[in-house]
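Here the structure comes first, spelled out in structure tokens, and everything after it is commentary.
Count residues from 1 along the sequence.
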Amino acid sequence: MFIYLTSHTYPADTADKIYAREMARSLNKILGRDFLFIVANEYSQELEDMHYLNLHLRMKRLRAVFYLAWLPYFIFSMRKKDPVFFSNDFYLLLILIFCRIFLRLQCKICSDWHMAVRDWRDAYIAKKSDYIVTNSQKLKKLILHISGIHENRIVVA
């Protein structure tokens, strides 16, 4: 199961949300029932053409705190499906890493990079991700430099 994890709400009103929605649509077409798009809002018609899970979050802030409590339960309930989580949200990626290390939950992590934040999170998330997708060769070289990981783990899209 390939799961696109985001804390965005819909309908989309920013470029980042539109990117996530369109990436999810493409993945849904390719993977079908083996794909799930997890979003934070109650309902949006623009997501009806794909497999998605609404978390019905009404809060505007601190969504990551909710995910910290919810994700371990979700991962545990899927343990026979070998989930691969895909996200470009550094906070959600850190929560997934926490779940793997401290709660010993089984899942793979694919981090989607559009830019580096240039602090400790870059190297830490890159090292703990199973797979990395970047949008440029320049960003790939930067991630390789700051993390020291093997270049075979990074794909440029």
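- The hydrophobic clustering, which links ILVMFWY residues whose side-chain heavy atoms are closer than 4.5 Å, places M115 and L142 apart.
- The two residues H51 and G32 make their nearest non-hydrogen contact at ND1-O, 3.2 Å.
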* Asked: Between R121 and L94, does a side-chain contact (heavy atoms from CB on, under 4.5 Å) hold up when you go through it step by step?
  -> CA-CA 8 Å; R121 293 176 290 178; L94 288 170; 4.1 Å; yes
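- Listed here is the closest heavy atom pair of K127 and S147: CE-O, 3.0 Å.
- The shortest distance between side-chain heavy atoms of M23 and F86 falls below 4.5 Å.
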* Apply side-chain contact (heavy atoms from CB on, under 4.5 Å) to the pair F76 and L103, showing each step before the final yes or no. => CA-CA 10 Å; F76 181 76; L103 303 177; over 6 Å; no
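- In plain terms, the two heavy atoms of L92 and S7 that are nearest each other are CD1-N, 3.7 Å.
- No option in L139, T134, I149 other than I149 meets the side chain to side chain contact (heavy atoms under 4.5 Å, CB included) test with L144.
- Atom CG of L27 and atom CG of L36 lie 11.5 Å apart (nearest 0.5 Å).
- Cluster membership check: L31 shares its hydrophobic cluster with Y52, using side-chain heavy-atom separations under 4.5 Å among Ile, Leu, Val, Met, Phe, Trp and Tyr.
- The distance from the CD1 atom of I18 to the OH atom of Y10 is 9.0 Å, given to the nearest 0.5 Å.
- Side-chain contact between I38 and I3 is present, with heavy atoms from C-beta onward closer than 4.5 Å.
- The side-chain tip of R100 does not point at the ring of F85 from less than 6.0 angstrom away and within 45° of straight on.
- A distance of 14.5 Å separates OH of Y124 from CD1 of I146, quoted to the nearest 0.5 Å.
- Residues Y91 and L71 are members of separate hydrophobic clusters, defined by side-chain heavy-atom contacts under 4.5 angstrom among Ile, Leu, Val, Met, Phe, Trp and Tyr.
- Looking at W113 and I154, their side chains never come closer than 4.5 Å, going by heavy atoms from C-beta outward.
- Looking at heavy atoms from C-beta onward, K128 lies in side-chain contact with I101 at the 4.5 angstrom threshold.
- Closest non-hydrogen pair, A40 versus T9, comes out as CB-CG2, 4.3 Å.
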* Asked: salt bridge (Lys or Arg N to Asp or Glu O under 4.0 Å) between R25 and D49: does it pass, once the steps are laid out?
  -> CA-CA 8 Å; R25 273 204 180 108; D49 61 340; 2.7 Å; yes
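- Criterion: ILVMFWY side-chain heavy atoms under 4.5 Å apart, direct or through other members. Under it, Y131 and V156 are not part of a common hydrophobic cluster.
- Taking the side chain as every heavy atom from C-beta outward, Y67 and L55 approach each other to under 4.5 Å.
- Relative orientation of the F102 and F98 rings is tilted, given thresholds of 30° and 60° on the angle between their planes.
- L53 is not listed as a side-chain neighbour of V39, based on a closest heavy-atom distance of 4.5 Å or more.
- Taken from CG in L93 to OG in S87, the straight-line distance is 4.5 Å, to the nearest 0.5 Å.
- D130 places no side-chain N or O within 3.5 Å of a backbone atom of C110 that could act as its donor or acceptor partner.
- Counting only N and O atoms by type, the side chains of D112 and Y19 include a donor and acceptor under 3.5 Å apart.
- Dense packing is recorded around NE2 of H114, with more than 12 heavy atoms of other residues, nucleotides or ligands lying under 6.0 Å away.
- Aromatic pair F35/Y4: ring centres not closer than 6.0 Å.
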* Check the pair K29, M50 against side-chain contact (heavy atoms from CB on, under 4.5 Å), reporting the backbone distance first and the verdict last. => CA-CA 8 Å; K29 285 179 185 175; M50 68 182 94; over 6 Å; no
* To do: Applying side-chain contact (heavy atoms from CB on, under 4.5 Å), run through D16 and H8 and close with a yes or a no.
  => CA-CA 9 Å; D16 192 37; H8 290 318; 2.9 Å; yes
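- When side chains are defined from C-beta on, L96 counts as touching L5, because their heavy atoms get closer than 4.5 Å.
- In the displayed structure, K17 atom NZ is contacted under 6.0 Å by more than 12 heavy atoms of other residues, nucleotides or ligands.
- For F90, the CZ atom sits in a packed shell: over 12 heavy atoms of surrounding residues, nucleotides or ligands are nearer than 6.0 Å.
- Closest of all the heavy-atom pairs between C107 and I75 is SG-CD1, 4.2 Å.
- Separation of atoms CZ (R104) and SG (C99) is listed at 13.5 Å; rounding is to 0.5 Å.
- Looking at N28, its side chain never comes within 3.5 Å of a backbone N or O of A24 through a donor-acceptor pair.
- Cluster annotation: I97 is connected to F74 through the hydrophobic network of ILVMFWY side chains, with a link wherever side-chain heavy atoms come within less than 4.5 Å.
- Contact of the M1 side chain with the V84 side chain is not registered, since no non-hydrogen atoms from C-beta on lie closer than 4.5 Å.
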